[in-house]
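Structure, as structure tokens:
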Amino acid sequence: MQGGSSGIVYGGLKYQARCIADVRADAGSTTFLAGTLSLKEENEVHLIRLSPAESELVCEGLFYHPNEIWDLKSCPFDHRVFSTVYTSGEGYGATVWKIPELYGQSNSPQLEQLFALDGHAGKIRCVLWWPVGKHDKLISIDDRSIFLWNVDASTKSAKVISQGSADMLPNLRGGAWDPHNHNSIAAISDSSLHLWDLRAMQKSVAIEHAHIRDVDYNPKKQNIIATAEDEFGLRLWDLRMLKHPLKDLPGHSHWTWAVRHNPEYDELILSSGTDSTVNLWLAEVGNENSGPESPSGSPKRQEEPLLHSYTDYEDSIYGIAWSSHDPSLFASLSYDGRVSCSGISQALLAEKMKLADHLLHCKQTRFLLLVTGAAEVCLAVLAVW
């Protein structure tokens with residue numbers, strides 16, 4: 001499947017929607033879960049699979065969900081388990097579900113509720129699964145607190161281990177779990193991002209005065225995150241040095257709502273926003289770039305970072321997800337319920353990977369020249385002395 005604006009469109013969602021997730025545990029095919037957001041109608045969760053010929057998106061299962069779905073995450077180690085955050089007339093809730101055996105049926109039996117994440121007093125924002133391997137912990141975030149849970153699907157039980165309060169932080173909105181450290185998460189509020197140590201449930205370093213809507217960890221490089229922000233579009237950060245971002249990647253004409261690193265090629269990043277656009281970026285960040293400041297103290301800039309803009313949408317795009325099965329594919333979900341699966345052409349991917357290698361070589365050459373020049377200056381000074 002070649003890259004383009006339209007991709008393969010799935011027309012099965014009848015209602016508005018915001019949430020789509022890659023089914024990472026399905027190693028045999030490119031599969032996504034999408035959930036609807038209808039105020040008046042009974043909502044649905046769709047299990048969507050890309051056909052073996054990559055010619056159509058097929059509904060493998062349709063399940064009724066009683067409430068509006070505001071967050072949906074697939075379990076990274078069990079393809080039949082997922083979580084939702086939802087709202088109803090009684091408030092907000094979060095539940096972990098199990099998909100029943102399908103046996104070739106598309107209109108499938110009712111979802112099995114494994115357990116509810118009860119105990120939140122505030123407005124629940126999201127549920128986080130640790131993205132690497134099997135883990136018996138879950139995180140849920142509401143607008144005031146962070147909960148760490150011990151969960152057991154076999155006994156359908158969930159128990160709160162610890163809880164952290166946001167104190168004076170205004171309105172927690174979501175976060176991401178560090179794939180390199182299961183004791184650390186990044187949580188965002190209306191005006192900042194903080195790292196939390198789950199062992200002590202204490203927040204530490206922060207990005208202040210930033211209207212961040214989403215955050216994602218680099219899956220290959222430690223301490224590197226991407227943020228989606230109202231004013232600046234996309235930004236890349238080194239968590240060890242937060243005075244300036246590593247890179248600014250503008251490109252959306254309105255709010256940037258979501259950001260995702262490619263699971264295999266971490267230089268490739270997707271972003272989407274309320275300008276009805278999905279952007280594909282090439283943003284190489286090497287270990288030698290861990291220092292985020294240039295000599296002038298301003299953020300570094302990336303040469304030719306925007307690879308492609310996908311613009312064939314008619315509404316805001318709140319959901320994007322890479323395929324773990326085939327990292328050259330991704331799905332996007334616009335608010336009008338349109339799911340599109342698009343691919344990056346192998347020629348474009350090879351060309352841009354070559355460009356990234358070339359840029360890295362140029363940086364290394366400049367560094368060697370700088371070191372050589374400094375050494376020559378030192379020798380000259382010693383000779384005079």
Side-chain angles (χ1 to χ4, degrees), residues 18-26 33-35 43-45 47 61 63-101 108-166 172-179 181-188 196-203 217:
R18 301 172 68 101
C19 303
I20 192 165
D22 167 53
V23 183
R24 181 177 303 185
D26 185 353
L33 284 169
N43 284 278
E44 299 171 346
V45 174
L47 180 63
F63 311 98
Y64 293 109
H65 189 280
N67 308 107
E68 304 170 58
I69 301 171
W70 288 87
D71 177 74
L72 185 152
K73 302 283 178 30
S74 179
C75 173
F77 55 84
D78 189 332
H79 69 280
R80 293 174 57 198
V81 175
F82 67 95
S83 61
T84 60
V85 172
Y86 49 85
T87 182
S88 65
E90 300 176 355
Y92 286 78
T95 295
V96 174
W97 311 88
K98 188 171 186 178
I99 296 173
E101 294 289 352
S108 308
Q110 188 173 0
L111 289 170
E112 177 185 357
Q113 179 176 322
L114 294 182
F115 45 82
L117 302 178
D118 297 326
H120 284 272
K123 178 180 179 181
I124 304 177
R125 299 296 194 175
C126 67
V127 172
L128 304 179
W129 300 78
W130 192 50
V132 182
K134 192 170 183 178
H135 198 49
D136 61 353
K137 305 293 189 296
L138 274 183
I139 291 172
S140 57
I141 299 176
D142 65 31
D143 56 358
R144 307 173 190 171
S145 305
I146 296 174
F147 286 69
L148 179 65
W149 303 78
N150 190 81
V151 298
D152 188 341
S154 63
T155 60
K156 300 183 179 181
S157 63
K159 181 180 179 180
V160 176
I161 302 174
S162 58
Q163 176 183 351
S165 173
L172 288 176
R173 304 176 62 146
W177 205 333
D178 188 345
N181 180 4
H182 66 267
N183 291 315
S184 179
I185 69 168
I188 56 179
W196 287 72
D197 185 334
L198 298 178
R199 293 164 296 187
M201 271 299 176
Q202 297 291 325
K203 58 184 181 291
Y217 280 89

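For clarity, every value in this text was computed on a predicted model and none was experimentally measured.
Taking 4.5 Å as the limit, some side-chain heavy atom of R125 sits within range of a side-chain heavy atom of D143. Side-chain contact check for W177 versus K137: some heavy-atom pair is nearer than 4.5 Å. F115 is listed as a side-chain neighbour of L117, based on a closest heavy-atom distance under 4.5 Å. The shortest distance between side-chain heavy atoms of F82 and V45 falls below 4.5 Å. Side-chain contact between L138 and V96: present, with at least one pair of heavy atoms (C-beta onward) separated by less than 4.5 Å. W149 is not listed as a side-chain neighbour of K159, based on a closest heavy-atom distance of 4.5 Å or more. Side-chain contact between R24 and P131: present, with at least one pair of heavy atoms (C-beta onward) separated by less than 4.5 Å. Between F63 and Q110 the shortest side-chain heavy-atom distance does not fall below 4.5 Å.
Between V127 and K73, the shortest heavy-atom contact is O-NZ, 2.9 Å. When all heavy atoms of G122 and D142 are compared, the pair lying nearest together is N-OD2, 3.6 Å. Between S145 and Q163 the shortest heavy-atom distance is OG-NE2, 3.5 Å. Here the closest heavy-atom approach between residue Q113 and residue T95 is recorded as CG-CG2, 3.5 Å.
The aromatic rings of W129 and F77 lie perpendicular to each other, with more than 60° between the two planes, well past the 30° mark. Using the six-membered ring where Trp is involved, W130 and H182 have ring planes that are perpendicular, over 60° apart on the 30 and 60° scheme.
Here the CD1-OG1 distance, from I124 to T84, works out to 10.0 Å after rounding to the nearest 0.5 Å. The CG atom of L47 sits 11.0 Å away from the CZ atom of R80 when rounded to the nearest 0.5 Å. Between L72 atom CG and I20 atom CD1 the span is 9.0 Å, to the nearest 0.5 Å. Note that CD of E68 and OH of Y92 are 8.0 Å apart. Values are rounded to the nearest 0.5 Å. Between the CD1 atom in I185 and the CH2 atom in W196 there is a gap of 7.5 Å [rounded to 0.5 Å]. Separation of atoms CG (D152) and CG (D136) is listed at 8.0 Å; rounding is to 0.5 Å.
Within 6.0 Å of the NE2 atom in H120, the count of heavy atoms belonging to other residues, nucleotides or ligands exceeds 12.
For the pair N43 (side chain) and G35 (backbone), a donor-acceptor distance under 3.5 Å is absent. When atom types are taken as modelled, the side chain of N150 and the backbone of I161 share no donor-acceptor pair closer than 3.5 angstrom.
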Requested in this report: Tell me, with the steps shown, if L114 and K156 meet side chain to side chain contact (heavy atoms under 4.5 Å, CB included).
Outcome: CA-CA 5 Å; L114 294 182; K156 300 183 179 181; 4.2 Å; yes
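Y86 and H65 have their aromatic ring centers within a separation under 6.0 angstrom.
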